[in-house]
Amino acid sequence: MIYYFCKTKIMKMNLSRQELIWLLSTGGEDAEAIFRWAQAHRKIYAGEKTYLRGLIEYSNICRKNCLYCGIRKDNTNPTHYTLSETEVLEAARYAHDKQFGSIVLQGGENRSEGHISTIERLIREIKSISGGELGITLSFGEQSEATYQRWFIAGAHRYLLRIESSCESLYNTIHPNDSLHAYQNRIDALRDLRNTGYQVGTGVMIGLPGQTIENLADDLLFMRDSDIDMCGMGPYLEHVQTPLYDRRHELLSKEKRFFMTLKMIGLLRLLMPDINIAATTAMQSIDPRGREKALEAGANVVMPNLTPENKKEAYKLYENKPVTEWIDLPEEMIGFGEWGDSKHFKKR
Ligand code: 5AD
Ligand code: SF4
């Protein structure tokens with residue numbers, strides 16, 4: 001066990017549930033100490049650099065009806081779109097030219113053979129136009145193990161699937177109560193992804209109605225016990241065209257959700273020092289410097305949005321989603337042209 005002495009207390013890496021609960025409840029100097037030690041851990045175990053993933057939001061068509069999400073199936077307000085293959089390849093070429101190192105191809109959950117084979121073809125084409133140089137992360141929800149394998153063989157090597165909340169009863173209050181949205185499916189999908197050979201990313205929303213500090217501590221322990229390689233966490237942001245909007249009166253202020261997310265990032269960095277942690281767009285929608293603050297709290301990945309301008313508006317998971325692409329960081333701190341794989345995965 002590694003101990004560090006700081007101004008107010010001893011920080012150690014294998015924090016207990018009780019300690020996590022206590023640290024999640026702190027502010028002021030104690031929170032500053034979390035961020036400071038998280039930064040130190042990040043530098044030592046994950047490296048000094050921040051890695052880029054160009055985010056391409058492929059389609060807002062989804063078969064699911066998560067109660068919080070602006071592109072849920074029953075919300076007919078957004079105009080449905082799916083990028084053409086040319087649009088995806090153009091965005092990938094841009095990422096390659098700008099030395100982003102990797103892209104994330106993300107979209108709603110669709111299990112049709114047409115969708116699966118299009119993604120498979122796009123993965124091969126992106127690999128081909130970049131001479132194998134662009135790393136590819138996927139985020140297309142729950143799929144069969146056979147689909148995960150097809151996409152892996154085609155050349156994708158990382159997959160993001162958030163657990164949203166590791167507390168099964170809370171999960172059930174933010175999803176419809178049917179087999180399509182079963183908690184166990186999510187757990188099984190995370191296991192299948194790992195078995196297929198992907199670097200696996202998960203994450204949670206922070207500040208959900210009904211969520212407690214204990215739930216958040218358990219989320220951190222869930223990620224540690226699942227031995228994940230990457231994490232993307234963000235504040236929950238209410239969307240007027242979703243059923244969960246009815247519970248907006250129960251929410252913490254946006255500032256508190258933001259601050260809690262910073263502490264979650266810092267504590268996860270202490271628990272899992274060598275994983276990749278994203279500074280997410282949802283942070284930026286509360287605070288214009290949200291992603292930079294997340295990096296200062298222990299994150300090491302940013303995902304500039306490369307979705308064509310005319311489609312960005314329709315990919316609104318939550319309201320006030322920012323569309324700024326650039327990040328305020330000195331160039332020498334960015335891992336240009338590198339995949340920036342999870343060091344944790346390499347040690348598996
Ligand atoms: N607020 C914050 N994050 C959201 N997501 C979906 N809807 C919202 C919302 N209202 C997140 C989920 C999902 C990811 C793609 O976007 O965590 O996994
Ligand atoms: Fe679909 Fe994901 Fe939104 Fe759920 S959160 S409705 S799976 S896009």
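Both ligands and their constituent atoms are indexed starting at 1 by order of listing.
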Locate the shortest heavy-atom distance separating [X] from [Y]; write the atom from each residue and the value.
X      : Y      : result
Val301 : Arg53  : CG1-CD, 3.3 Å
Phe336 : Leu52  : CE2-CD1, 3.9 Å
Arg111 : Glu142 : NH1-O, 3.3 Å
Cys231 : Met223 : SG-SD, 3.6 Å

Taking the side chain from Arg63 and the backbone from Asn110, do they hold a donor-acceptor pair closer than 3.5 Å?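 Side chain of Arg63 to backbone of Asn110, a donor-acceptor pair under 3.5 Å: no, none is there.
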
Donor-acceptor under 3.5 Å (Thr307 side chain, Ile56 main chain):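 The answer is no, because no donor-acceptor pair under 3.5 Å joins these two groups.
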
Show me which atoms of ligand 2 lie under 4.0 Å from any heavy atom of Ile71.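 Selected atoms, number and element: 8 (S).
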
Which atoms of ligand 2 are found less than 4.0 Å from any heavy atom of Arg72?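 Reading through ligand 2 atom by atom, the close ones are 6 (S).
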
Heavy-atom contact check, 4.0 Å cutoff: does Met205 meet ligand 1?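 Flag set, Met205 near ligand 1.
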
Considering non-hydrogen atoms of the protein only, which is the closest contact for [atom], and what is the distance?
atom                    : result
atom 16 (O) of ligand 1 : Leu317 CD1, 3.4 Å
atom 2 (Fe) of ligand 2 : Cys62 SG, 4.6 Å
atom 2 (C) of ligand 1  : Pro235 O, 3.4 Å
atom 7 (N) of ligand 1  : Tyr68 CD1, 3.3 Å
atom 3 (Fe) of ligand 2 : Cys69 SG, 2.4 Å
atom 1 (N) of ligand 1  : Leu237 N, 3.0 Å

Quick check: Gln106 and ligand 1, any N/O pair under 3.5 Å apart?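 N/O-N/O distance below 3.5 Å does not exist for this pair.
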
Do Leu138 and Tyr198 have side chains that get closer than 4.5 Å, going by heavy atoms?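 Counting from C-beta outward, Leu138 and Tyr198 do come under 4.5 Å.
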
Are side-chain heavy atoms of Leu251 and Tyr236 found at a separation under 4.5 Å?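 Yes, their side chains come closer than 4.5 Å.
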
Does a sphere of radius 6.0 Å around NZ in Lys311 hold more than 12 heavy atoms from other residues, nucleotides or ligands, not counting ones at 6.0 Å or beyond?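 More than 12 within 6.0 Å, yes.
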
Hey, what's the ring geometry for Tyr58 with His115, parallel, tilted or perpendicular (30° and 60° as the breaks)?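 Judged by the thresholds at 30° and 60°, the geometry between Tyr58 and His115 is tilted.
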
Taking non-hydrogen atoms only, is Glu164 closer than 4.0 angstrom to ligand 1 via side chain, backbone, both or neither?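 The answer is the side chain of Glu164.
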
Quick one: does ligand 1 sit under 4.0 Å from the side chain of Arg162, the backbone, both or neither, non-hydrogen atoms only?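 It is the side chain that touches ligand 1; the backbone stays farther off.
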
What are the atoms of ligand 1, with element, lying closer than 4.0 Å to any heavy atom of Cys69?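 By the 4.0 Å cutoff, the relevant atoms are 7 (N).
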
Any N/O/S atom of Cys66 sitting less than 2.8 Å from atom 4 (Fe) of ligand 2, backbone or side chain?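 It does; at least one qualifying atom falls short of 2.8 Å.
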
Is atom 6 (S) of ligand 2 less than 4.0 angstrom from at least one protein heavy atom?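 Yes, at least one protein heavy atom sits under 4.0 Å from atom 6 (S) of ligand 2.
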
